[in-house]
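Side chains included, hydrogens not; waters and symmetry mates left out as well; all remaining heavy atoms used. Residues: numbered from 1 along the sequence shown.
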Amino acid sequence: NWRNLARTLQHRGKATEALQFARESLKLQRQRNGVDSRPYALALRELALAERATGDDAAAEAHLREGAALVQRLSASGGGTYGWKIPYADLLVAKGRCGEALPLLDASLAELAKGDARQNPLWRPQADLLLAHCQTVLGQHASKERVQEARRILRALPGIEYDLYPTARR
């Protein structure tokens, strides 16, 4: 499908092509499912990630916010938004806006703690590391255990190579 193709191209460093496929995916989801659907929200997230990869952070931020709001509205429990909040928090952290990222990360970690069989195994460690980074930047006590747990999770995942502090180099 278009969304997976966009993600694959992005991972291969072909951000411009990924952006084109992500736009097509969004258009297709709008036609098939309408703008009030989870598939449309997923396409918004993929478009935002492709936009971010091409350096269009303003558009990425708008699409991540829109997707998170849509998923929040569609979900009876209000859950399942961490998949939009964590990439949005990552964007905010990269822009030096840790104060805005903290509530998103706290809400995401609370959702993830409830458990969700569909969750990406990278969401929790990414949120943990971003939160520890923000706490340090904001002069708060960062949990050493949070960083160690993120490191443990990442090491346990097959085929995963990770950079423990990617936000420090953006």
Side-chain angles (χ1 to χ4, degrees), residues 1-33 35 37-72 80-105 107-109 111-112 116 118-134 137 147 150-151 153-155 157-170:
N1 72 30
W2 291 91
R3 190 172 51 115
N4 289 338
L5 185 54
R7 177 66 64 95
T8 300
L9 287 166
Q10 186 177 336
H11 285 297
R12 292 187 175 197
K14 297 180 179 188
T16 303
E17 288 120 325
L19 182 58
Q20 292 169 346
F21 280 100
R23 285 181 179 145
E24 287 298 318
S25 176
L26 184 68
K27 191 163 86 174
L28 184 64
Q29 293 306 330
R30 183 183 305 120
Q31 291 169 351
R32 284 186 180 167
N33 302 297
V35 295
S37 67
R38 194 164 184 91
Y40 183 77
L42 287 167
L44 276 171
R45 182 178 65 201
E46 295 307 316
L47 176 60
L49 295 174
E51 288 166 337
R52 182 141 188 240
T54 60
D56 191 354
D57 287 351
E61 183 173 349
H63 288 127
L64 285 168
R65 243 191 334 238
E66 182 183 351
L70 176 57
V71 170
Q72 185 85 32
T81 60
Y82 55 83
W84 286 262
K85 288 178 181 172
I86 295 171
Y88 183 25
D90 184 52
L91 183 146
L92 293 172
V93 169
K95 294 291 185 185
R97 295 162 53 192
C98 281
E100 295 173 64
L102 278 178
L104 296 171
L105 293 167
S108 296
L109 287 166
E111 274 187 60
L112 289 167
D116 180 351
R118 299 169 297 151
Q119 79 185 32
N120 180 325
L122 295 174
W123 288 130
R124 169 119 198 160
Q126 182 181 11
D128 281 337
L129 293 172
L130 287 168
L131 183 61
H133 173 79
C134 283
V137 166
V147 174
R151 188 180 255 172
I153 291 170
L154 290 170
R155 282 188 178 142
L157 294 171
I160 297 293
E161 294 179 26
Y162 67 95
D163 185 353
L164 189 56
Y165 296 105
T167 56
R169 285 184 281 288
R170 288 191 183 160

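- Leu42 is listed as a side-chain neighbour of Trp84, based on a closest heavy-atom distance under 4.5 Å.
- Here NZ of Lys14 is found 12.0 Å from CD of Gln20. Values are rounded to the nearest 0.5 Å.
- Side chain of Ser25 to main chain of Phe21: no donor-acceptor pair is present (N/O by atom type, distance under 3.5 Å, no hydrogens or angles).
- Within the 4.5 Å cutoff, the side chain of Glu66 has heavy atoms near those of the Tyr40 side chain.
- For the pair Ala41 and Leu70, the tightest heavy-atom approach, listed with the atom from each and the gap, is CB-CD2, 3.7 Å.
- Taking CG from Leu47 and NE2 from His63, the interatomic distance works out to 5.0 Å, rounded to the nearest 0.5 Å.
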Report task. Report the C-alpha distance between Leu26 and Leu44 in whole Å, list the side-chain angles of each, state the deciding distance to 0.1 Å, and finish with yes or no for side chain to side chain contact (heavy atoms under 4.5 Å, CB included). Result -> CA-CA 6 Å; Leu26 184 68; Leu44 276 171; 3.9 Å; yes
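- The local environment of CZ in Arg97 is crowded, with over 12 non-hydrogen atoms from other residues, nucleotides or ligands closer than 6.0 Å.
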Report task. Would you check, one step at a time, whether the test side chain to side chain contact (heavy atoms under 4.5 Å, CB included) holds for Asp56 with Leu19? Result -> CA-CA 10 Å; Asp56 191 354; Leu19 182 58; over 6 Å; no
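- Between Ala89 and Leu130, the shortest heavy-atom contact is C-CD1, 4.5 Å.
- Between atom CD1 of residue Ile86 and atom CG of residue Asp128 there is a gap of 9.0 Å, rounded to the nearest 0.5 Å.
- Residues Arg52 and Asp90 meet the side-chain proximity criterion, which asks for heavy atoms closer than 4.5 Å.
- Annotation: side chain of Lys85 is in contact with side chain of Glu111 (closest heavy-atom distance under 4.5 Å).
- Of all the heavy atoms in Ala101 and Cys134, the pair that sits closest is CB-SG, 4.1 Å.
- Looking at every heavy atom in both residues, Ala50 comes nearest to Ala22 through CB-CB, 4.1 Å.
- Among all heavy-atom pairs drawn from Thr54 and Thr16, the shortest one is CG2-N, 4.0 Å.
- Inter-residue side-chain proximity for Arg38 and Asn33 is flagged as unmet; no heavy-atom pair is nearer than 4.5 Å.
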